[in-house]
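One structure below.
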Amino acid sequence: MSIDQARLSDRFPVILDVFASPAIRSYSAAAGIIAGGAAIGGILFFLLLPTLIVIPMSLSETNYIEFPPRGLTLKWYSAYLSDPDWMAATWFSLRIALATTATATITGTMAALAIVRGCLPFRTALQALALGPLIVPHIVLGVALYLTFSPLQLTGSFLGFLVAHTVLAIPYVIITVTASLQRFDPTLELAALNCGANRLQAFFLVVLPNIAPGVAAAAVFAFLASFDEATVAFFISDVGGKSIGRKMFEDIDFNLTPVIAAVSTVLVATSLMLMGSVHLVNARKPRP
């Protein structure tokens with residue numbers, strides 16, 4: 001005990017005993033946890049509030065977006081599903097997202113294997129290069145892709161969107177699969193090789209089943225990175241091929257109705273369902 005504490009204990013012995021009691025300390029710790037949880041909850045609610053407001057706005061009976069909504073109706077969802085332009089943009093984005101999921105998952109998984117297991121001389125530089133699309137602003141990538149695709153007549157084409165969205169989605173796959181590979185015990189793969197399996201068999205029979213939840217999560221991230229991407233799509237779209245993100249941009253400028261909110265709600269619901277499915281897959285995985 002220091003000299004100051006000794007003096008305080010001589011002057012205020014009862015007060016120091018009260019604050020030093022285990023009950024007071026436990027109450028203080030509980031109050032700190034509650035205050036921290038309330039602060040974190042408030043921040044999360046503030047971040048989620050714009051997304052939550054979109055949902056009731058999609059149910060408004062008025063012909064324009066407002067909050068709070070006046071009445072409740074599903075006519076804007078019906079208008080979205082019955083509009084040929086919206087459906088064409090939705091199916092175009094869906095086809096691109098599914099193709100991007102396949103190409104980005106396969107390519108990103110192979111790149112993650114090379115980064116984690118390979119003996120590459122410039123592995124760190126290659127990993128940074130692969131994660132470049134996460135660092136470079138999408139508007140810069142959009143301009144660069146437009147200048148590249150325009151002479152090749154790939155703007156608005158399925159192939160052009162596939163290449164662009166695969167470039168954007170691969171970093172998510174590499175990050176997720178790399179984390180799964182780093183948690184995987186490499187001695188299991190070595191045991192399979194010692195038992196007579198070749199590299200390909202060891203990967204499909206031993207490695208892939210163990211990192212399957214990570215690969216599934218990477219596929220979901222790749223799908224979402226493509227399906228709701230808007231910035232790059234704004235540059236590489238044209239009249240022949242238009243993604244749902246580009247269609248939303250156009251309607252915000254020229255036809256701002258609650259259909260925009262209905263489409264946004266559909267995108268949010270799709271993202272939540274996919275992320276929920278990944279959570280269920282990870283929850284059902286047996287723990288070691």
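As a basis for the values below, the full set of heavy atoms in this structure was taken, side chains included, without hydrogen atoms, waters or symmetry mates. For clarity, every value in this text was computed on a predicted model and none was experimentally measured. We number each residue from 1, following the sequence as shown.
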inquiry  = What verdict does the side chain to side chain contact (heavy atoms under 4.5 Å, CB included) test give for V173 and F221, after you've listed the backbone C-alpha separation in whole Å, the side-chain angles of each residue and the deciding distance to 0.1 Å?
reply    = CA-CA 7 Å; V173 179; F221 289 141; over 6 Å; no
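- Closest heavy-atom contact between A217 and T176: CB-CG2, 4.0 Å.
- Closest heavy-atom contact between V136 and L141: CG1-CG, 4.0 Å.
- Separation of atoms CD1 (I236) and OG (S243) is listed at 7.5 Å; rounding is to 0.5 Å.
- The shortest side-chain heavy-atom distance between F227 and S93 falls under the 4.5 Å cut-off.
- Between the side chain of Q153 and the main chain of T155, no donor-acceptor pair closer than 3.5 Å is present.
- Taking CG of L188 as the start and CG of N210 as the end, the distance is 6.5 Å to the nearest 0.5 Å.
- A 4.5 Å side-chain heavy-atom check between T90 and K247 finds every atom pair outside the cut-off.
- Closest approach of G214 to V177, counting heavy atoms only: O-CG2, 4.5 Å.
- Taking CD1 from I53 and OG from S58, the interatomic distance works out to 12.5 Å, rounded to the nearest 0.5 Å.
- Residues T265 and Y77 have side chains in contact (heavy-atom distance under 4.5 Å, counting atoms from C-beta outward).
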Test log, rule side chain to side chain contact (heavy atoms under 4.5 Å, CB included), inputs V263 and W76 = CA-CA 9 Å; V263 176; W76 302 114; over 6 Å; no
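- Donor-acceptor pairing under 3.5 Å is recorded for the side chains of T103 and T166.
- Within the 4.5 Å cutoff, the side chain of F223 has heavy atoms near those of the L274 side chain.
- At a threshold of 4.5 Å between non-hydrogen side-chain atoms, the residues W91 and L94 count as touching.
- Using bins of under 30°, 30° to 60° and over 60° for the plane-to-plane angle, the ring pair F92/F161 lands in the perpendicular bin.
- Between the T178 side chain and the I175 main chain, no donor and acceptor come within less than 3.5 Å of each other.
- Taking the centre of each ring, F149 and F235 stay at or above the 6.0 Å mark.
- Note on I106 and I211: separate hydrophobic clusters, where clusters join Ile, Leu, Val, Met, Phe, Trp and Tyr whose side-chain heavy atoms are under 4.5 Å apart, directly or indirectly.
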CA sep, side-chain torsions, deciding dist, call: L181, V207, side chain to side chain contact (heavy atoms under 4.5 Å, CB included) = CA-CA 8 Å; L181 286 171; V207 179; 4.0 Å; yes
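- Taking a 6.0 Å sphere around CG of L81, one finds it holds more than 12 heavy atoms contributed by other residues, nucleotides or ligands.
- Connection of I115 to L134 is established within a shared hydrophobic cluster, with ILVMFWY side chains joined at heavy-atom distances below 4.5 Å, either directly or through further cluster members.
- Taken together through direct or relayed side-chain contacts under 4.5 Å among Ile, Leu, Val, Met, Phe, Trp and Tyr, V266 and I55 form parts of separate hydrophobic clusters.
- In terms of heavy-atom proximity, A97 sits nearest to T101 at O-OG1, 2.7 Å.
- The shortest distance between side-chain heavy atoms of S180 and V215 does not fall below 4.5 Å.
- The closest side-chain heavy-atom distance from L59 to T73 is not below 4.5 Å.
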query = Could you go step by step and tell me if I260 and M57 meet the side chain to side chain contact (heavy atoms under 4.5 Å, CB included) rule?
reply = CA-CA 9 Å; I260 300 291; M57 287 194 300; over 6 Å; no
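- The heavy-atom pair separating L147 from P151 by the smallest distance is O-CD, 3.1 Å.
- Atoms NE2 and CG, from H165 and L145 in turn, are 9.0 Å apart once rounded to the nearest 0.5 Å.
- T107 contributes atom OG1, which lies 9.0 Å from atom CD1 of I174 (distance to the nearest 0.5 angstrom).
- Under a hydrophobic-cluster definition in which Ile, Leu, Val, Met, Phe, Trp and Tyr are linked whenever side-chain heavy atoms come within less than 4.5 Å, directly or via other members, L47 and I40 are assigned to different clusters.
- Here the closest heavy-atom approach between residue T105 and residue T109 is recorded as O-OG1, 2.6 Å.
- L131 and L224 fall within a single hydrophobic cluster, where Ile, Leu, Val, Met, Phe, Trp and Tyr are joined by side-chain heavy atoms under 4.5 Å apart, directly or via other members.
- H138 is not listed as a side-chain neighbour of P133, based on a closest heavy-atom distance of 4.5 Å or more.
- Between the CD1 atom in I43 and the CG atom in L48 there is a gap of 12.0 Å [rounded to 0.5 Å].
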